[in-house]
Q: 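So that we are looking at the same thing, I have put the structure below in structure tokens.
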Amino acid sequence: DIPENKAEDQTITNNLYGGDRENRLKQELLLGIGGVRLLKILNINPDIFHYNEGHAAFAGLERLLILVQDENISFDEAIEVVRASSLFTTHTPVPAGHDRFNEDLLRIYLAYHANLLNISWKKMMGLGKINEDDINEKFSMSFLAARISGKINGVSSMHEKVSRRIFGPLWNGYSTEELNLGHVTNGVHLLSWLATEWQTLYLNTFGEKFFELNSEENNWKKINEIPDKTIWEIHLKLKNKLITELKKYIDDEKRKKKTNNLFLPDNDFINEKTLIIGFAKRIVTYKQPTLIFQDLTRLNNIIKNSKVNILFVFAGKAHPNDTEGQEIIQDIINISKQENFKNHIIFLQNYDMAISNYLVKGVDVWLNTPEIEMEASGTSGIKAMINGVINFSALDGWWAEAYKPDYGWTYTENTTKNNLNRQKEIEAEALYNKLEHEIIPLYLTFDANNLPAGWIKKIKAALSNLAAKFSTNRMLNDYIENYYLNLKSQNNLLIENNYDKAKKLAAWKLKIIREWNKIHLNSMEAYDSENKAFPVGSELCPNINLDLNNLSSSEIGVEIIFIEKRKEDKEFEKIVYKTELFPTENKNIYASYVCKIPITHTGVYEYSFRVYPKSELLTNRLDFPILKWL
């Protein structure tokens, strides 16, 4: 947004979620292509590029262009180099979060890109599609990122499973469990999110090097040595800061509307003894902000019969184009206007970082109620935890890995998507039971020192066992050890000696593609498991003889896989057993592959053989995912 740019270009990045699809494309062109060009101008030459969501994937196209034009290597050679030095982190299980564009729109801005890469437009578009021949399939930025990255990861263990399903179609013939896709669970940056009071306590307890060593779990065990009174005093101090802000918000709203009749909580109702339950995040359907309101009669009875004031504080924004999200906000506001809930529900409008800061530090309970498998990570709960706020959440995202009854609460462990309405009823009932029979009673149980000892015990248990595991220090260590170093090693291998290994790998792939359809089964010694039983303790000894034509047995792998359940057209859900067959002889153009499989348990299984290309230069087998089924 500077005068040197055209007027229509100055507003491209004014709003993250503003504008139409064309403006979104412009944003991602600036981020990806512009980002790489900026680094080049600044003479910054990274070893590894880490694409944070598919929105940055055009960086890969620009890197390809630089290699083809400046280094004078082919597109096929360049993509090996780019792939070996790229990590793609996907962050969302929601389809709308994966941007897709029509080819006609892309052609406006990238018409000459394919020519500059010396490839066809079809081949370039194929990088972002499942099927490059399908002219109606939209170009996916996430698929582009996956195709040009040597490693891919989700941001929690459950999100990895979901991502495997999302990206599975890119690797036809492989099960989701075989994909080159792992996870690094997100962490939060302590100094950015810790209240000053907690920072001071941690430094005094753990020592000056605490923030350098905050991923060391043993350091956090010292939290158990801190007196309960100290923990509770800090929590109440932060809670009172939140209460001050809530009262200020209420007074401001009444002053702006020039009326007291806004159905906002009375200021006298909110005090440090009030059980404050917070829910703050982007408002979308799958996060189920209104799950707590599934049965208003039941909720009203819990509130009315409890011996403590209860206040639900909601905050968040909906996407400008998300009418359902906007309706959810209106539903919450409408419920807060009901006489029974006037003093028990407040929705804070104009949600921002400041409001978020007060909430994650000052509420008593952090509520999180997404549809299972729809929460990628849920870092707001981590921010709350490190500030002594107890989580009450569905088992999704980080909480699925973190949860134990000692640390907080969950309301259901089972889910079915066959009947979402019924599932909501089940979850809401479990949520009410946990609130009524565990959370409220624990909050009201005080020891001889007039402290909620059980509540403080949960705070300490969460901090001592979870804070290190969900810090950015741990997260970055995971990225370095599991991804960056491996990618750097592979990239160094491919670029040394003027890209010698990259050129050899690209040439080998072209050779395999040229000869692939010439591979034929000469003979097979195997058994029809429907007609022959194998007792436990015996062995299955298949022998596959292939006509490899111009290929050698070292370039071709053969494996047998056993499956329990088959989908349509060679797709399968779960591999029960898989093992490689090894070449025993290679006479002329024929190669024999054999193995011995011990029969260890009973059952009826389907099995089949797959032929695939092998090379020591491949970072991962799925970098070259062609298969032949026998």
Q: Taking the side chain from Ser471 and the backbone from Gly187, do they hold a donor-acceptor pair closer than 3.5 Å?
A: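 Such a contact is absent between Ser471 side chain and Gly187 backbone.
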Q: So Lys122 and Asp133, salt bridge (charged side-chain N to carboxylate O under 4.0 Å, His left out) or not? Walk me through it.
A: CA-CA 8 Å; Lys122 177 181 174 182; Asp133 293 321; 2.4 Å; yes
Q: Could you pull out the closest heavy-atom pair between Glu77 and Ala506, with the gap in Å?
A: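 Shortest heavy-atom separation between Glu77 and Ala506 comes out as CG-CB, 3.7 Å.
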Q: Give the intermediate values and the outcome of salt bridge (charged side-chain N to carboxylate O under 4.0 Å, His left out) for residues Glu373 and Arg165.
A: CA-CA 11 Å; Glu373 295 189 343; Arg165 293 199 297 269; 2.5 Å; yes
Q: side-chain hydrogen bond (donor to acceptor under 3.5 Å, both in side chains) for Ser552 and Ser554? Distances and angles first, verdict last.
A: CA-CA 5 Å; Ser552 68; Ser554 63; 3.0 Å; yes
Q: With ring-ring contact (aromatic ring centres under 6.0 Å, His included) as the test, pick out the partner of Phe88 among Phe143, Phe167, Tyr483.
A: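 Option passing the ring-ring contact (aromatic ring centres under 6.0 Å, His included) with Phe88: Phe167.
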Q: Does Lys129 use its side chain to pair, donor to acceptor, with the backbone of Asp134 at less than 3.5 Å?
A: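 Between the backbone of Asp134 and the side chain of Lys129 there is a qualifying donor-acceptor contact (under 3.5 Å).
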Q: What's the shortest heavy-atom distance between Lys138 and Asn102, and which atoms?
A: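 Heavy atoms only, the tightest pair is CE-OD1, 3.1 Å.
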Q: Taking atom CD1 as the centre, does Ile108 end up with more than 12 heavy-atom neighbours from other residues, nucleotides or ligands that are less than 6.0 angstrom away?
A: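 Yes - once you tally the heavy atoms of other residues, nucleotides and ligands closer than 6.0 Å, there are more than 12.
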Q: Against Asp76, only a single residue in Arg83, Lys123, Lys503, Lys504 fulfils salt bridge (charged side-chain N to carboxylate O under 4.0 Å, His left out); can you say which?
A: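 Only one option passes, and that is Lys123.
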Q: Does the Trp171 side chain pair with the main chain of Leu622, one donor and one acceptor, at a distance under 3.5 Å?
A: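 It does hold such a pair.
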Q: Determine the sole option in His55, His98, Arg147 for which the side-chain hydrogen bond (donor to acceptor under 3.5 Å, both in side chains) test with Ser142 is passed.
A: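 Option passing the side-chain hydrogen bond (donor to acceptor under 3.5 Å, both in side chains) with Ser142: His98.
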Q: Measure from the side-chain N and O atoms of Arg610 to the backbone N and O of Glu559, and report whether any donor-acceptor pair falls under 3.5 Å.
A: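 Checking the backbone N and O of Glu559 against the side chain of Arg610, no donor-acceptor pair under 3.5 Å is found.
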Q: How many angstroms lie between CZ in Arg474 and OH in Tyr479, if you round to the nearest 0.5 Å?
A: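 Rounded to the nearest 0.5 Å, the CZ-OH separation comes out at 9.0 Å.
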Q: So, Ser149 side chain and Ala146 main chain: donor-acceptor pair closer than 3.5 Å or not?
A: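 Checked: no pair found.
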Q: If I compare all heavy atoms of Pro583 with all of Tyr593, which pair ends up nearest, and what's the gap?
A: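 For Pro583 and Tyr593, the tightest heavy-atom pair comes out as N-CD2, 3.7 Å.
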Q: Could you pull out the closest heavy-atom pair between Trp399 and Leu395, with the gap in Å?
A: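 The answer is O-CD2, 3.9 Å.
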Q: Regarding Thr379 and Ser377, is there a side-chain donor-to-acceptor distance under 3.5 Å anywhere?
A: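 No, Ser377 and Thr379 have no side-chain donor paired with an acceptor closer than 3.5 Å.
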Q: Look only at the side chain of Glu580 and the backbone of Gly557, and say whether a donor-acceptor pair between them is shorter than 3.5 Å.
A: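 Flag not set: sc Glu580 to bb Gly557 has no pair under 3.5 Å.
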Q: So, the side chain of Glu137 versus the backbone of Asn131: is there a donor-acceptor pair under 3.5 Å, distance only?
A: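 Judged by distance alone, yes, a pair lies under 3.5 Å.
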Q: Looking only at atom types and distance, does a side-chain atom of Arg100 sit under 3.5 Å from a main-chain N or O of Gly128, one as donor and one as acceptor?
A: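 Checking the backbone N and O of Gly128 against the side chain of Arg100, no donor-acceptor pair under 3.5 Å is found.
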Q: Do we see a donor-acceptor contact under 3.5 Å between the side chains of Asn482 and Lys151?
A: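 Their side chains do not contain a donor-acceptor pair, so the 3.5 Å distance test is not met.
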Q: Counting N and O atoms only, with roles assigned by atom type, does the side chain of Gln288 sit under 3.5 Å from a partner on the main chain of Thr369, one being a donor and the other an acceptor?
A: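 Yes; judged by distance alone, with no hydrogens or angles, the pair exists.
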Q: Indicate whether any N or O donor in one side chain lies under 3.5 Å from an N or O acceptor in the other, for Asp47 and Tyr484.
A: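 The criterion, which ignores hydrogens and geometry beyond distance, is not satisfied for Tyr484 and Asp47.
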Q: Give the C-alpha distance, both sets of side-chain angles, the deciding distance and a yes or no for salt bridge (charged side-chain N to carboxylate O under 4.0 Å, His left out) between Arg37 and Glu62.
A: CA-CA 8 Å; Arg37 290 183 183 179; Glu62 182 65 12; 2.9 Å; yes
Q: I'd like to know if the side chain of Tyr499 pairs up with that of Glu80 as donor and acceptor (distance under 3.5 Å, no hydrogens or angles considered).
A: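 There is no such pair between these side chains.
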Q: Can a donor-acceptor pair be found between the side chains of Thr89 and Asn52 at a distance below 3.5 Å?
A: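 No pair is found: no donor N or O on one side chain lies under 3.5 Å from an acceptor on the other.
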Q: Ignoring hydrogens and geometry, is there a side-chain-to-backbone donor-acceptor pair from Arg24 to Phe101 under 3.5 Å?
A: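 No; zero donor-acceptor contacts below 3.5 Å.
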Q: In this structure, are over 12 heavy atoms from other groups packed under 6.0 Å from Asp70 atom CG?
A: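 Yes, because the 6.0 Å sphere around CG of Asp70 holds more than 12 heavy atoms from other groups.
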Q: Checking side-chain polar atoms at under 3.5 Å, does Thr619 have a donor or acceptor matched by the opposite partner on Gln490?
A: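 Thr619 vs Gln490: donor-acceptor pair found between side chains.
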